[in-house]
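Single-structure report; data block below.
To find a chain, count down the sequence lines: A is the first, B the second, and so on, and within it residues start at 1. Values below: every heavy atom of this structure, side chains too, minus hydrogens, waters and symmetry copies.
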Amino acid sequence: MPTNGEIADAFTLLGDLLELDGAVRHRVLAYRRGAARVRSAPGSVAEMALAGRATDLPDIGATLQAKIVELAQTGSIAALEKARERTPEGLVRLARLEGLGPKRAMAVWTALGVTDIEGLRAAVEAGRLGEVPGMGPATVAQVTAQLADPAAGEAGAERVSLGLALPQAEDLARELRAVPGVRRVEVAGSLRRGRETVHDADIVVAADDPAAVAAALEASPLVAMSAGGGDQRRAVMTHPGLRIEVAVAPPERFGNLLQHATGSARHNVRLRELALRRGLSMSEHGLTAGDGTVTVHADEAEVYAALGLAWIPPELREDRDELAVAAEGRVPRLVERADILGEIHVHSDWSDGRVDMATMAAAARDRGYRYIGIADHSQSLAMTRGLTPDRVKRQWEAIDALNAQIEGITVLKCTEVDILADGRLDFDDDLLAGFDLVVASLHSGLRATGAEGTARVLAAVEHPHVDAIGHPRGRMMGRRDGLQLDIEAIAERAAATGTLLEINGQPRRLDLDSDLARTALAAGARLLLSSDAHGPEDLWFLDLALRVARRAGAGPEDIANTRPPADWRA
DNA sequence: GCCGTTTTCGGCCCGACTGTTTTCAGTCG
């Protein structure tokens with residue numbers, strides 16, 4: 001049975017090949033919309049299609065459903081194979097290079113016979129790219145620069161974690177707020193929507209004089225180089241290599257610009273379609289009526305209100321069902337930073353943390369937490385100085401002493417106990433019973449494929465002493481995707497046993513991700529937010545986990561951290 | 001290829017910017 005990801009990949013490729021072949025634009029877009037819809041669907045779309053129910057999903061019609069059935073039953077799609085014969089697949093990567101696109105990629109093929117990246121490299125080295133009609137020196141230089149990267153044109157190349165991009169964007173936003181004449185500055189785009197990875201950052205600025213903003217960018221110590229732009233938008237590159245787009249509008253239409261720049265693109269398309277049905281043309285410049293009068297909005301909520309919609313949290317603007325929900329005024333109350341009372345998965349220098357428990361507890365108190373759970377590693381994880389049972393008991397004594405001395409916060413005796421290869425835990429039950437709370441995590445066998453990962457996680461979920469599963473999938477961005485978990489099965493058992501599933505806020509983990517978390521919530525499970533901090537400066541990673549939870553649609557009642565642990569079982 | 005507060009056919013979001021242009025197509029977000 002093909003996974004949603006495999007179906008989505010097939011549709012994406014088919015759309016790309018059709019686009020190169022010059023197919024009608026909206027047919028191409030239909031495949032891309034279908035791919036996105038399948039990819040984010042909570043259950044198996046192949047099973048739905050075999051039951052004739054995939055057409056219940058928006059953007060999936062009879063034709064796409066038939067192709068999903070074909071893929072499930074034969075392992076391939078005839079239309080995709082035909083498209084591959086007609087158009088070399090390597091051109092897809094060419095078309096992804098900046099400055100190229102489907103038209104120019106095809107022109108390169110026609111003029112030079114180049115069908116893949118390697119062929120393009122050879123053509124560039126031979127100085128022949130400029131022979132292609134429509135390719136001037138600027139485009140040749142742009143393409144040549146990208147070819148130095150071995151991953152040039154690969155899908156998803158150069159996506160960076162939310163946790164690495166967000167601080168850079170916020171630092172620049174803070175600088176811009178101090179510029180004379182600047183009234184408001186917000187981080188927008190996929191960062192504002194809380195996407196786990198982004199390929200650039202967007203900042204919007206309310207100011208009457210765009211030139212002052214441009215000058216400030218030019219002078220900023222955070223900026224390595226300017227990356228072009230005009231009066232309304234400028235792009236810069238930070239020293240770590242993040243591209244940040246800065247858009248400027250006068251304060252009276254800041255709401256229109258913020259809404260536009262936040263996206264998602266699909267959400268905005270739906271919004272503009274809705275506007276058209278009401279006789280309004282919508283853009284970042286405002287709402288234009290049929291007689292040409294333009295209405296502008298200083299605040300974003302006014303834009304939605306002008307279309308008869310309640311304001312929609314940015315994390316939900318992904319073209320699921322949010323417009324219908326907002327039209328009915330049923331927008332959910334998502335979990336917020338102020339709801340968070342504490343967390344139970346941070347480390348100390350008893351294992352691989354950088355500071356002692358008292359320092360961590362004081363830092364947690366400074367964030368307004370009422371409790372903090374020290375969850376150091378268990379004995380099997382030797383490289384982290386995992387605790388033996390003897391050291392666990394000494395740590396408990398130290399925590400008792402700390403609680404007697406520290407004020408304003410309660411320190412909890414927790415552990416991040418390893419789930420061993422056979423699904424058993426790294427401590428025996430007697431010892432586990434002595435902890436306030438037990439987080440069980442996988443740290444080995446994370447490249448396994450198939451069902452064994454699910455079985456190990458399920459064994460831990462069923463364990464009577466386990467309160468939460470840490471970073472369930474075990475992904476590490478840029479290194480491994482982690483396990484292919486049957487998250488529905490896990491979440492159902494987690495709901496039945498009262499076991500929490502963690503959203504780990506480490507920038508390279510963000511695990512569960514928002515799609516898995518959304519599915520887990522639908523199956524009735526509750527979530528635990530963790531920074532997995534190894535020092536005080538990591539505690540803000542919890543804010544990243546919070547964004548992921550909001551993207552999953554989680555409200556305060558879905559998140560354990562909004563309550564004291566004493567309430568969790570109830 | 002999808003879809004319906006104009007529709008089962010004929011539409012399908014909107015604008016900025018760039019480069020190669022002799023008036024605009026292609027790309028990008």
Side-chain angles (χ1 to χ4, degrees), chain A residues 11 14-15 18-20 22-38 54-68 77 79 83 94-108 130 132-143 188-191 193 198-204 210 226-235 243-249 253 256-257 259-288 290 294 307-308 319 323-324 327:
Chain A
F11 284 167
L14 182 49
L18 288 172
E19 182 178 46
L20 287 162
V24 178
R25 170 122 200 97
H26 296 98
R27 197 170 153 226
V28 174
L29 292 174
Y31 277 107
R32 292 195 181 141
R33 276 198 294 267
R37 186 65 63 183
V38 170
T55 50
D56 291 351
L57 294 170
D59 304 320
I60 305 296
T63 306
L64 261 62
Q65 171 162 280
K67 286 182 164 62
I68 298 169
I77 298 174
L94 250 60
R96 279 203 203 101
L97 294 173
E98 282 176 48
L100 293 188
K103 294 288 192 292
R104 284 178 185 154
M106 288 299 277
V108 169
V132 179
M135 297 282 283
T139 308
V140 169
Q142 188 181 16
V143 169
S190 46
L191 286 178
R193 302 199 313 280
V198 303
H199 91 272
D200 65 8
D202 295 272
I203 291 176
V204 292
S226 172
D231 287 343
Q232 304 180 48
R233 298 180 194 165
R234 303 197 65 79
R243 180 185 166 88
I244 302 182
E245 300 226 341
V246 181
V248 184
R253 64 174 178 83
N256 303 95
L257 178 63
Q259 193 290 316
H260 170 86
T262 298
S264 67
R266 299 277 314 283
H267 172 89
N268 285 356
V269 168
R270 295 294 186 203
L271 217 49
R272 289 179 205 130
E273 287 171 354
L274 175 67
L276 278 179
R277 288 201 292 276
R278 293 169 178 250
L280 298 166
S281 172
M282 179 176 171
S283 78
E284 64 266 47
H285 301 297
L287 289 163
T288 307
V294 179
L307 298 172
D319 185 28
L323 294 195

A:E98 has a side chain; which of B:dG29, B:dT27, B:dC28 sits nearest to it?
B:dC28
Taking only the side-chain heavy atoms of A:S281 (C-beta and beyond), determine which of B:dG15, B:dC2, B:dC14 contains the nearest atom.
B:dC14
Is the shortest side-chain N/O distance from A:H285 to OP1 or OP2 of B:dA16 below 4.0 Å?
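Answer is yes, contact under 4.0 Å.
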Establish, with yes or no, whether the OP1 or OP2 oxygen of B:dG10 is under 4.0 angstrom from a side-chain nitrogen or oxygen of A:H26.
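Looking at the OP1 and OP2 atoms of B:dG10, neither is under 4.0 Å from any side-chain N or O of A:H26.
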Decide, yes or no, whether a salt bridge links A:D319 with A:R32 under the criterion of side-chain N to carboxylate O below 4.0 Å.
no
For B:dT8, give the paired nucleotide (Watson-Crick: N1-N3 plus N6-O4 or O6-N4; G-U: N1-O2 and O6-N3; both under 3.5 Å), or none.
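Pair assignment: B:dT8 / none.
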Under the rule for side chain to side chain contact (heavy atoms under 4.5 Å, CB included), what residues qualify as partners of A:R104, not counting sequence neighbours?
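Residues passing side chain to side chain contact (heavy atoms under 4.5 Å, CB included) with A:R104: A:L100, A:M135, A:T139.
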Partners meeting side chain to side chain contact (heavy atoms under 4.5 Å, CB included) with A:E245 (sequence neighbours left out)
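Side chain to side chain contact (heavy atoms under 4.5 Å, CB included) list for A:E245, sorted by chain: A:D200, A:D202, A:A235, A:R243.
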Identify, with sequence neighbours excluded, every residue that meets salt bridge (charged side-chain N to carboxylate O under 4.0 Å, His left out) alongside A:R25.
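Result, salt bridge (charged side-chain N to carboxylate O under 4.0 Å, His left out) vs A:R25: A:E19.
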Partner set under salt bridge (charged side-chain N to carboxylate O under 4.0 Å, His left out) for A:R234, not counting sequence neighbours:
none
Quick one: salt bridge (charged side-chain N to carboxylate O under 4.0 Å, His left out) pairs with a partner in residues 279-288 of chain A, sequence neighbours left out?
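Qualifying pairs: A:R233-A:E284.
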For nucleotides 20-24 of chain B, give me every protein contact, N/O to N/O, under 3.5 Å, one pair per line with atom names.
unit_1	atom_1	unit_2	atom_2	d
B:dT20	OP1	A:G136	N	2.6
B:dT20	OP1	A:G136	O	3.1
B:dT20	OP1	A:P137	N	3.3

